[in-house]
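These values consider heavy atoms only, across backbone and side chains, with no hydrogens, waters or symmetry-generated copies. Start at 1 and go down the list; that is how both ligands and their atoms are numbered.
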Amino acid sequence: MFELRDRDGLGRLGRFTTSHGTVETPALLPVINPNQVIIPPKEMRAKFGAQIVITNAYIVHRAMRERALADGVHAILDFDGPVMTDSGAFQQHVYGGVEVSNEEIVAFQRDIRADVGTSLDRFSEPDHGPGRAWADIEETLARTRTAAELKGDMLLAGTVQGSLFVDLRRRCAEELSKIDVAVHAIGGVVPLMEAYRFRDLVRVIVAAKQGLRPDRPVHLFGAGHPIVFGLAALLGCDLFDSASYHKYARDGRLLFPDGTRHVEDLRQVPCECPTCSAASLGDLQKDERVRAEHNLYVSFAELRRVRQAIAEGQLWELVERRCRSHPHLLEALRELRHHNAYLERFEPLSRRGGFYFTGPETQHRPILHRYRERLQERYSTPKRYVLLLPEGPRPYASTQRDLLAAVLAKRDVHVLVKSVWGPVPIEFDEMYPIGQSLVPDVLDAESLEALEVFAQRFLRGAGYERGVLWRGEASLEDLPETGPGDFDVVHARLHAVADFQFGRGAANALFSGKVETVRSKRTGKVRTVIREGEHVLSVRAEDGMYTLKAAGAKLLHAAFSPPTLRVVVETETAEFNRQGRNAMAKFVVDADPELRPFDEVLVVDQSDALVAVGRALLNREEMLAFRRGVAVQVREGLP
Ligand code: GUN
Ligand code: ZN
């Protein structure tokens, strides 16, 4: 069973439950070769923090079959935590064949009481053509179905194959989603990682993820180099397994989150892990075990960094940093923008902390893709003429207060900033990620060109009659003699954010009639909005977006017809939500496909009666898939 606790990008902090305990994900499963145990599993747990290990059932079957059947795999490994077993498909890649059948090896894994076992998939090589790849997929799927019949109580991992063919990967994933497996694995990617083909790796993972149901953990087979943990986690991989710590150690190589170093090339001990802190350069050069320990420390430390980054909403930042450590990783980072339509569906509404520009790649992050899309779809320009300001310090309306006042004294215009993120109507200056972002004063040519493209694309359809670039006082002469303007940025902000967050028309619904605002004494910013004496919403200081109250929810419910903003729960369970209890995913029958994680939502029953208002933790496809966990954190029930 898999439950989601927090998220960033497609990355997830989850809990994966097995009969030998619960595993926090993302998790790294060190590979234990029972024939040559360099570091025993117990030590893996005590010293490095491994919660689960993986071993190869094929090797166990060949080397110690009878003992494993009698005593179980946990006894073989001397480990009482969760154990996953692999099937031998990888040996097929390395040696060209294995001499067990799928039925045999699945039954064996079950009988040695593996917590998670793997069916015998057919490894598709990156150079296989589509015909062969599809034949291997069909065989892999047939074997997975058979394995599902044989698995007993064992959790089963079913593997996505399909070489580099994204359509085949997706179809394989869709078919696997229909089979009773607990874990989805992505296979056939070791040759890609070994050759640093990270761009292909991104394509393969995204294609697989698109076909997989979102409620099962995804294992990336053979991902053992910490350099990919962040990227793979960002794309929604939850489990990694690694023989790399041992293989690299054997070859005299040390793993680091930004690459690999050979001990022969070292003049210093370039690491602060406990082993390196106590070791000399000579120890590292002579002793395989010392190197293996280093490799494990570094791998688990990176995994913890990934988890921390998810928890603090900084996973993209971590990945952007890591992807600068190798040209082929940079290619992978630049590949991500081509998948924005998919990535955006899972991208949280906002995250904690700052939003840093780290290069032109940042401009294409899904959150900004969404910003520019919503600007086109949900924003209406308030004036006929517009003054375009260059990028500058934030929040724009505060830093440009004097300029704004001087302009409005003479002209009735709107003001828009040509930001590196895209055009920003000045009233969006406090909204995430615009208001929370930090941008260098001097930009590179690629970012400037993109900025221009974003601005032109919007301005073409925005409906302004004329736009003038601010170059100083004289620019006003290029605008028609309108007389003074009445543009009120506080009022405009209230309206623009409402439409942006909930859809066009939300502002009219929420703010018609007598509206009062309560402002923060310290910052002067609007904190709450009262309409006709009722508290309709609060403005969050962190992201400039709205938290809905019951009165606000009622207004939006009346203004928008289903499915907009709705999460529909089984009518029989709606009473709980009316009392203020969270809406559990298993009771959700439908939801607005436009909802994104952390959106404010209307919880309704099957006759569209409003029962609660709260914050969604999942998007529609996740709500419909997950049988565990909370779909909507209810803030207020409507009795
Ligand atoms: N280990 C590394 N790659 C693979 C794969 O494609 N399938 C399986 N079962 N194990 C692997
Ligand atoms: Zn070290």
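- Not a single heavy atom of H93 sits under 4.0 Å from any atom of ligand 1.
- Closest to atom 2 (C) of ligand 1, if we only count protein heavy atoms, is F90 CD1, 3.3 Å.
- When only non-hydrogen protein atoms are considered, atom 10 (N) of ligand 1 lies nearest to D86 OD2, 2.6 Å.
- At a heavy-atom distance under 4.0 Å, no atom of A185 approaches ligand 1.
- For D265, the CG atom is densely surrounded, since the number of other residues' heavy atoms within 6.0 Å is greater than 12.
- In terms of polar-atom proximity, defined here as any N/O pair under 3.5 Å, S119 makes no such contact with ligand 1.
- Those atoms of ligand 1 with a heavy atom of A89 less than 4.0 angstrom away are 7 (N), 8 (C), 9 (N).
- The side-chain heavy atoms of L155 and V183, taken from C-beta on, include no pair separated by under 4.5 Å.
- In terms of polar-atom proximity, defined here as any N/O pair under 3.5 Å, Q161 does make such a contact with ligand 1.
- Y196 and H326 have their aromatic ring centers within a separation under 6.0 angstrom.
- Atoms of ligand 1 found under 4.0 Å from any heavy atom of G187 (numbered from 1 in listed order, with element): 5 (C), 6 (O).
- Ligand 1 places these atoms under 4.0 Å from at least one heavy atom of S87: 9 (N).
- For ligand 1 and V190, the ligand atoms under 4.0 Å from any heavy atom of the residue are 2 (C), 3 (N).
- Taking the ring axis of Y248 as reference, the NZ or CZ atom of R253 stays within 45° of it and closer than 6.0 Å to the ring centre.
- T25 places a side-chain N or O within donor-acceptor distance of the main-chain N or O of G14, the cut-off being under 3.5 Å.
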| field | Worked check of ring-ring contact (aromatic ring centres under 6.0 Å, His included) between F90 and F221 | value | CA-CA 9 Å; F90 188 64; F221 259 132; 8.7 Å; no
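- Here is the list of ligand 1 atoms found below 4.0 Å of a heavy atom in F123: 3 (N), 4 (C), 5 (C), 6 (O).
- Of the N or O atoms in D121, one or more lie within a sub-3.5 Å distance of an N or O in ligand 1.
- Rounded to 10°, the angle formed at the Zn ion (ligand 2) by C276 SG and H294 ND1 is 100°.
- A cation-pi contact links R261 to F256, judged by a cut-off of 6.0 Å to the six-membered ring centre and 45° from its axis.
- Considering backbone and side-chain N/O atoms, G188 comes within less than 3.5 Å of an N/O atom of ligand 1.
- With a 4.5 Å cut-off on side-chain heavy atoms, F198 and V228 count as touching.
- Side-chain atoms of E125 and S163 include no donor-acceptor pair closer than 3.5 Å.
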